[in-house]
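Values reported hereafter were calculated over all heavy atoms of this structure, with side chains retained and with hydrogens, waters and symmetry mates removed.
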Amino acid sequence: MEMPIVFERIGNVGKITLNRPAKFNAFNREMALQMQEVLDECARAQDIRAVYITGNGKAFCAGQDLAEVTDPNGPGMNRILSEHYNPIVSKIKWLEKPVVAAVNGVAAGAGANIALCCDIVVAAQSASFIQAFSGIGLIPDSGGTFMLPRLVGWQKATALMMLGDKVPAAEAERIGMVYKVFEDEQFATSSWQLAERLSAMPTKALGMTKLALRWSFAHTFKEQLENEDKLQQRAAATADFKEGVAAFLEKRTPNFTGE
């Protein structure tokens with residue numbers, strides 16, 4: 001029996017593949033709990049210095065498997081959010097390592113918002129994003145109401161969430177929803193190279209960059225300057241900072257170790 005999440009360590013990258021292709025990688029409870037387990041493993045493992053999330057088959061993720069929602073013996077909407085999606089997106093945001101969402105196909109509902117919670121989102125040319133919630137009488141969840149307006153602006157986010165418009169990859173890049181779009185033929189290679197590049201960079205500094213960006217949403221400019229000061233002192237005490245400076249002075253490529 002195939003596992004709904006396939007996890008591989010390749011070099012210093014933890015590769016997470018959503019693996020229910022017959023269901024367009026829609027989440028059920030087993031898949032959501034396994035996703036949390038592998039994210040925890042990525043957080044614990046010092047040799048994993050970047051995380052890459054993609055989907056198997058035609059879709060990235062169609063969101064929630066509605067058969068589970070309508071199952072009278074299922075977990076129910078409250079547990080689906082509190083025990084499935086909220087922990088997943090929180091673990092991604094709090095992971096002190098860069099996370100790449102490689103959106104290979106349609107990303108709908110919670111699937112779209114899991115992608116948008118990642119640090120860098122890239123998409124195949126044929127991919128698309130849909131805030132599908134209003135079509136079934138729900139509100140956007142999985143951090144979508146937090147992330148999307150910060151990425152594309154209040155007016156655009158409101159319209160996309162209320163109307164449920166399909167956003168092609170090229171349009172998603174144009175409005176700032178994703179970092180970059182790759183042609184389908186180059187997508188797997190180019191998106192993976194991005195994760196490999198991040199895995200060779202100063203991991204602690206990248207993790208602190210995530211923290212600084214997260215703090216910026218809730219602090220004044222003056223407070224954020226103080227936060228930057230504290231984090232910069234921590235970054236300057238790392239081995240990678242010393243290596244970066246030495247490499248710059250010696251005019252060579254730095255060999256960062258993530259320490």
Side-chain angles (χ1 to χ4, degrees), residues 7 9-16 35-54 85-102 113-122 142-144 146-152 176-180 191-250 252-259:
F7 179 59
R9 295 170 182 244
I10 305 175
N12 292 116
V13 180
K15 182 180 181 182
I16 300 172
M35 180 73 165
Q36 293 174 49
E37 290 175 3
V38 298
L39 286 169
D40 286 340
E41 184 172 347
C42 289
R44 288 192 300 267
Q46 292 187 351
D47 60 321
I48 293 178
R49 294 168 55 192
V51 177
Y52 176 93
I53 303 174
T54 194
Y85 296 117
N86 292 352
I88 288 172
V89 295
S90 296
K91 289 176 187 295
I92 290 171
K93 295 304 288 183
W94 286 100
L95 186 65
E96 295 182 1
K97 300 168 185 181
V99 182
V100 174
N113 292 335
I114 287 171
L116 298 183
C117 277
C118 295
D119 302 309
I120 298 178
V121 186
V122 294
S142 307
F146 185 90
M147 290 305 305
L148 192 59
R150 286 165 169 79
L151 291 169
V152 304
M177 190 185 297
V178 306
Y179 166 57
K180 189 172 288 188
S191 61
W192 181 253
Q193 287 174 342
L194 179 61
E196 286 189 316
R197 177 181 170 188
L198 289 165
S199 76
M201 295 179 70
T203 311
K204 291 185 183 299
L206 298 186
M208 284 185 268
T209 299
K210 287 183 66 166
L211 181 57
L213 288 168
R214 196 163 58 242
W215 280 349
S216 73
F217 290 137
H219 291 87
T220 66
F221 183 66
K222 180 177 182 296
E223 290 169 336
Q224 191 64 5
L225 291 178
E226 294 169 355
N227 290 333
E228 289 177 353
D229 189 1
K230 293 174 185 176
L231 291 172
Q232 196 70 293
Q233 300 309 313
R234 287 170 53 186
T238 63
D240 279 342
F241 170 68
K242 296 178 178 63
E243 166 62 11
V245 171
F248 177 80
L249 294 174
E250 296 165 13
R252 61 174 174 82
T253 302
N255 180 28
F256 295 121
T257 61
E259 297 297 328

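- Atom OG1 of Thr209 is separated from atom NZ of Lys204 by 13.5 Å, given to the nearest 0.5 angstrom.
- The minimum heavy-atom distance between Ala236 and Lys242, with the atom names listed, is O-NZ, 4.0 Å.
- Inter-residue side-chain proximity for Val100 and Val51 is flagged as unmet; no heavy-atom pair is nearer than 4.5 Å.
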Audit row: Arg49, Ser199, side-chain hydrogen bond (donor to acceptor under 3.5 Å, both in side chains) steps and yes/no: CA-CA 5 Å; Arg49 294 168 55 192; Ser199 76; over 6 Å; no
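- Crowding of Phe221 atom CZ: a count of heavy atoms from other residues, nucleotides or ligands under 6.0 Å not exceeding 12.
- With hydrogens and angles ignored, the 3.5 Å screen pairs a side-chain donor or acceptor of Glu243 with a backbone N or O of Asn255.
- Nearest heavy atoms, Cys118 versus Ile92: CA-CG2, 3.9 Å.
- Atom CD of Glu223 has more than 12 heavy atoms from other residues, nucleotides or ligands within 6.0 Å.
- Remark: Lys230 fails to qualify as a cation-pi partner of Trp215 under the 6.0 Å distance and 45° angle criteria applied to the six-membered ring.
- The two residues Val122 and Ser191 come nearest to each other via the heavy atoms CG2-CB, 3.8 Å.
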Worked verdict on Phe256 versus Thr203 for side-chain contact (heavy atoms from CB on, under 4.5 Å): CA-CA 8 Å; Phe256 295 121; Thr203 311; over 6 Å; no
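- Residues Asn113 and Met147 have side chains not in contact (no heavy-atom distance under 4.5 Å, counting atoms from C-beta outward).
- Looking at Gln224, its side chain does come within 3.5 Å of a backbone N or O of Ala212 through a donor-acceptor pair.
- Within the cation-pi definition used here (under 6.0 Å to the ring centroid, within 45° of the axis), Arg150 qualifies as a partner of Phe146.
- Salt bridge Arg9/Glu41: present, at least one basic N to carboxylate O contact under 4.0 Å.
- Counting only heavy atoms from C-beta outward, the side chains of Tyr52 and Ile16 never approach each other to under 4.5 Å.
- Between Val178 and Val121, the closest heavy-atom pair is CB-O, 3.5 Å.
- Here the closest non-hydrogen pair linking Met201 and Leu206 is CB-CD1, 3.9 Å.
- The main-chain N or O of Thr257 is found under 3.5 Å from a side-chain atom of Asp240 such that the two form a donor-acceptor pair.
- Both cation-pi conditions hold for Arg214 and Trp94: the charged atom is under 6.0 angstrom from the six-membered ring centre and inside a 45 degree cone around its axis.
- Using a distance-only test at 3.5 Å, with no hydrogens or angles considered, a donor-acceptor pair links the side chain of Lys97 to the main chain of Cys42.
- Contact check for Leu95 versus Lys91: no side-chain heavy atoms found under the 4.5 Å cut-off.
- When side chains are defined from C-beta on, Ile10 counts as touching Trp192, because their heavy atoms get closer than 4.5 Å.
- Salt bridge status for Lys210 with Asp119: present, with a side-chain N to carboxylate O gap under 4.0 Å.
- Looking at Asn12 and Ile48, their side chains never come closer than 4.5 Å, going by heavy atoms from C-beta outward.
- The distance from the CD atom of Gln232 to the CG atom of Asn227 is 12.5 Å, given to the nearest 0.5 Å.
- Leu211 places a side-chain heavy atom less than 4.5 Å from the side chain of Arg234.
- Contact annotation: the side chain of Pro202 never approaches that of Phe241 to less than 4.5 Å [non-hydrogen atoms, C-beta and beyond].
- Taking CD1 from Ile53 and CZ from Phe7, the interatomic distance works out to 10.5 Å, rounded to the nearest 0.5 Å.
- With values rounded to the nearest 0.5 angstrom, Ile88 atom CD1 is found 5.5 Å from Met35 atom CE.
- Annotation for Ala50 and Ala195: closest pair CB-O, 3.7 Å, computed over non-hydrogen atoms.
- Donor-acceptor pairing under 3.5 Å is recorded for the side chains of Gln233 and Asp229.
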